Amino acid sequence: MKTIRLKPGKERSLQRGHPWIFDGAIARGGADAGETVRVESHEGAFLAWAAFSPASKIRARVWSFDEKQRIDATFMGVRIADSVNARARFPIESNGTRLVHGESDGLPGLIVDRYADTLVAQFSSCGVERWKSVLCDALLQATGCKRLYERSDTSARALEALPEASGWLRGGPLPGDSQGEAAGEIILQEHSWQLGLNFVTGHKTGFYLDQRDSRQLFADTVARLALRQVLNCFCYTGGFTVAALCGMRQAGVLQATPDTGQVGHVTSIDSSGPALARARANVALNGFSETSATFLDADVNASLRRFIEQGQRFDAIVLDPPKFAANAAQAERAARAYKDLNRLALLLLVPGGVLFTYSCSGAISADLFHKIVASAGADAGVDGFIAQRLGSAPDHPMTLNFPEGEYLKGLVVMKKASVQSLN
Ligand code: SAH
């Protein structure tokens with residue numbers, strides 16, 4: 001068994017249960033990619049069993065803090081079963097579920113999403129790469145699913161000196177699927193709507209399951225306040241668009257009636273053509289007419305500026321941008337970009353309008369995000385009620401020991417009805 005010994009004082013985060021060992025913390029020792037090492041303090045006391053990663057700044061990731069634990073196929077099977085069983089205790093209204101959420105589930109670097117009866121996995125650390133085959137078998141056994149597709153085509157693999165990889169690891173296309181376009185097609189049932197996705201060609205594992213409950217809250221808000229003019233920025237495959245239309249249908253504002261005034265309409269913006277095509281299809285899939293939604297293949301920031309010039313206004317806006325900061329060094333520039341978007345959105349809202357705004361950058365804390373949106377409000381001369389703080393759906397858990405698990409944060413801001421100018 002290979003051992004790594006830490007520098008004096010570098011054992012503290014491990015003793016608090018944090019699973020990462022950075023390269024700078026190691027005094028001596030090493031191993032092959034993904035090999036299990038015994039981690040010791042400077043004095044030689046046992047700290048953890050970890051997977052070694054020779055090229056990564058995160059040089060080792062902990063499997064277990066229990067000296068008696070053997071890191072073997074049985075261990076992997078138990079971790080997978082624990083993750084899958086934990087989901088049965090979370091409120092999840094969908095047949096799309098995140099079954100394994102990396103470090104939060106004690107499986108550093110492993111993401112597994114279940115879409116109906118298909119598993120889609122991403123292996124982004126040397127440890128789970130080495131145990132890939134065992135993990136795949138354990139996943140099929142714990143879920144009863146018969147097929148598993150790999151989407152390890154993430155830039156995070158380069159940080160571990162692993163090549164990108166994708167393709168079937170277990171099972172394969174269903175009868176009727178071709179190897180081409182039709183492969184990877186799934187229709188999810190989420191809350192009261194359906195959303196088509198493609199796990200072969202879509203972003204990440206194909207879909208953003210983490211926003212599931214925000215989409216429901218958005219639908220509820222649109223219905224409760226009978227909102228009619230909605231703008232969904234960074235719409236991807238139209239999850240929030242469909243949610244908004246469902247809310248409008250519930251409020252009865254999709255048809256013109258003598259007393260309803262404006263007819264409900266959702267404008268959705270994304271810079272990806274294929275995502276927009278899917279969003280349009282998802283609107284039809286849920287029985288909404290083409291005239292109830294407009295799709296713009298455009299840059300969000302430029303579109304918001306154009307809407308302001310044109311004097312357009314919206315009752316509700318969703319801002320769910322991609323990750324602007326990949327690490328702490330990019331946080332400041334990202335903060336400026338978030339602030340600008342939020343300033344423009346707050347200007348575009350009618351008084352009393354509602355903003356659902358998000359950041360999925362781990363390097364931007366919930367506190368900092370709050371400050372960014374506050375400062376966007378100050379610049380826009382707008383005040384608002386913070387109606388709710390939001391996070392990822394419960395199957396993307398954070399844990400007490402791993403605060404980095406909190407990557408997605410959001411705010412629901414209700415613009416005050418009478419605006420006091422701050423200028
Ligand atoms: N809200 C979505 C997920 C958004 S992911 C959901 O619930 O599923 C972020 C999206 O932003 C991606 O679809 C990406 O294509 C899009 N995007 C990235 N940069 C953009 C830009 N500058 N303008 C418009 N869209 C952009």
Side-chain angles (χ1 to χ4, degrees), residues 93-94 96 98 113 115 120 154-155 186-188 190-191 193-199 201-219 221-222 230-247 266-283 285-286 293-307 316-326 330 333-334 336-342 344-345 348 355-362 364 390-393 395-396 407-412:
E93 277 185 54
S94 175
R98 168 133 319 171
D113 288 336
Y115 300 126
V120 184
T154 160
S155 55
I186 297 267
I187 292 181
L188 273 196
E190 180 181 277
H191 298 294
W193 48 76
Q194 295 189 311
L195 293 168
L197 64 90
N198 189 301
F199 59 80
T201 58
H203 292 176
K204 303 210 263 188
T205 66
F207 187 62
Y208 294 89
L209 292 169
D210 51 1
Q211 290 285 31
R212 178 192 311 120
D213 292 350
S214 270
R215 286 188 281 268
Q216 178 66 56
L217 182 67
F218 192 60
T221 305
V222 168
V230 169
L231 177 63
N232 180 10
C233 301
F234 309 97
C235 70
Y236 188 49
T237 54
F240 281 100
T241 304
V242 169
L245 288 169
C246 287
V266 185
T267 304
S268 307
I269 312 174
D270 205 282
S271 55
S272 155
L276 286 165
R278 171 69 65 174
R280 201 184 290 273
N282 280 333
V283 164
L285 180 65
N286 289 274
T294 305
F295 297 93
L296 302 176
D297 188 342
D299 172 66
V300 165
N301 195 295
S303 304
L304 298 185
R305 287 171 196 277
R306 188 166 52 81
F307 290 150
I317 299 178
V318 178
L319 282 183
D320 185 21
K323 186 157 67 176
F324 284 165
Q330 296 170 0
R333 210 186 54 192
R336 282 197 294 276
Y338 285 121
K339 180 175 154 187
D340 203 35
L341 277 176
N342 280 280
L344 296 170
L348 277 168
L355 173 66
F356 277 56
T357 181
Y358 300 91
S359 161
C360 61
S361 302
I364 305 278
L390 305 170
S392 49
D395 48 342
H396 301 60
Y407 65 104
L408 180 63
K409 62 275 309 180
L411 293 172
V412 181

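FYI, the numbering just counts along the sequence from 1. Remember, predicted model here, so these are calculated numbers, not experimental data. Counting starts at 1 for both ligands and their atoms, in listed order.
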| Numbered atoms of ligand 1 (with element) below 4.0 Å of Phe240, judged on heavy atoms | 1 (N), 7 (O)

| said: For Ala334 versus Ala325, what's the shortest heavy-atom pair and its separation? | reply: CB-CB, 3.6 Å

| task | Scan side-chain atoms only and decide if Asp210 and Tyr407 contain a donor-acceptor pair under the 3.5 Å cut-off. | result | yes

| request: May I ask you to identify the nearest protein heavy atom to atom 1 (N) of ligand 1, giving residue, atom name and distance to one decimal place in Å? | output: Asp320 OD2, 2.6 Å

| Considering only heavy atoms, does Tyr236 approach ligand 1 within less than 4.0 Å through its side chain, its backbone, both, or neither? | both

| remark: When distances are taken from atom 20 (C) of ligand 1, the protein heavy atom at minimum range is Ser271 OG, 3.4 Å

| Heavy-atom contacts under 4.0 Å between Ala275 and ligand 1: side chain, backbone, both, or neither? | neither

| Is the shortest distance from a Lys or Arg side-chain nitrogen in Arg305 or Asp340 to a carboxylate oxygen in the other one below 4.0 Å? | yes

| query | Near Arg215, which atoms of ligand 1 are under 4.0 Å from a heavy atom of that residue? | reply | 6 (C), 7 (O), 8 (O)

| request: Taking all heavy atoms of Asp297 and all of Gly273, pick out the closest pair and write down the distance. | output: OD2-CA, 3.9 Å

| request: Over all heavy atoms of both residues, which pair between Leu276 and Ser268 is shortest? Give the atoms and the distance, please. | output: CD2-O, 4.4 Å

| Proximity of Ala298 to ligand 1 by residue part, where a heavy atom lies under 4.0 Å | backbone

| field | Nearest-contact summary for atom 18 (C) of ligand 1 - protein heavy atom, Å | value | Pro322 CG, 3.4 Å

| Under a 4.0 Å N-O cut-off, is there an ion pair linking Asp395 with Arg212? | yes

| message | To check your reading of the model: name the closest protein heavy atom to atom 22 (N) of ligand 1, its residue, and the distance in Å. | response | Asp299 OD1, 2.7 Å

| Atoms in ligand 1 with a heavy atom of Tyr208 nearer than 4.0 Å | 3 (C), 5 (S), 8 (O)

| request: Classify the angle between the aromatic ring planes of Tyr358 and Phe240 as parallel (below 30°), tilted (30 to 60°) or perpendicular (above 60°). | output: tilted

| message | Is there a ring-ring contact (aromatic ring centres under 6.0 Å, His included) between Tyr208 and Tyr236? Walk through the geometry before answering. | response | CA-CA 9 Å; Tyr208 294 89; Tyr236 188 49; 5.0 Å; yes

| request: Below 4.0 angstrom from a heavy atom of Ser272, which ligand 1 atoms are there? Numbered from 1 as shown, please. | output: 15 (O)

| Any sub-3.5 Å donor-acceptor pair from Tyr338's side-chain atoms to Pro321's backbone N or O? | no

| For atom 23 (N) of ligand 1, the protein heavy atom that lies nearest, with its residue and separation | Val300 N, 3.0 Å

| atom 4 (C) of ligand 1: which protein heavy atom is closest, and how many Å away? | Phe234 O, 3.2 Å

| task | Measure the distance from atom 10 (C) of ligand 1 to every protein heavy atom, then report the residue, atom name and distance (to 0.1 Å) of the closest one. | result | Asp270 OD2, 3.4 Å

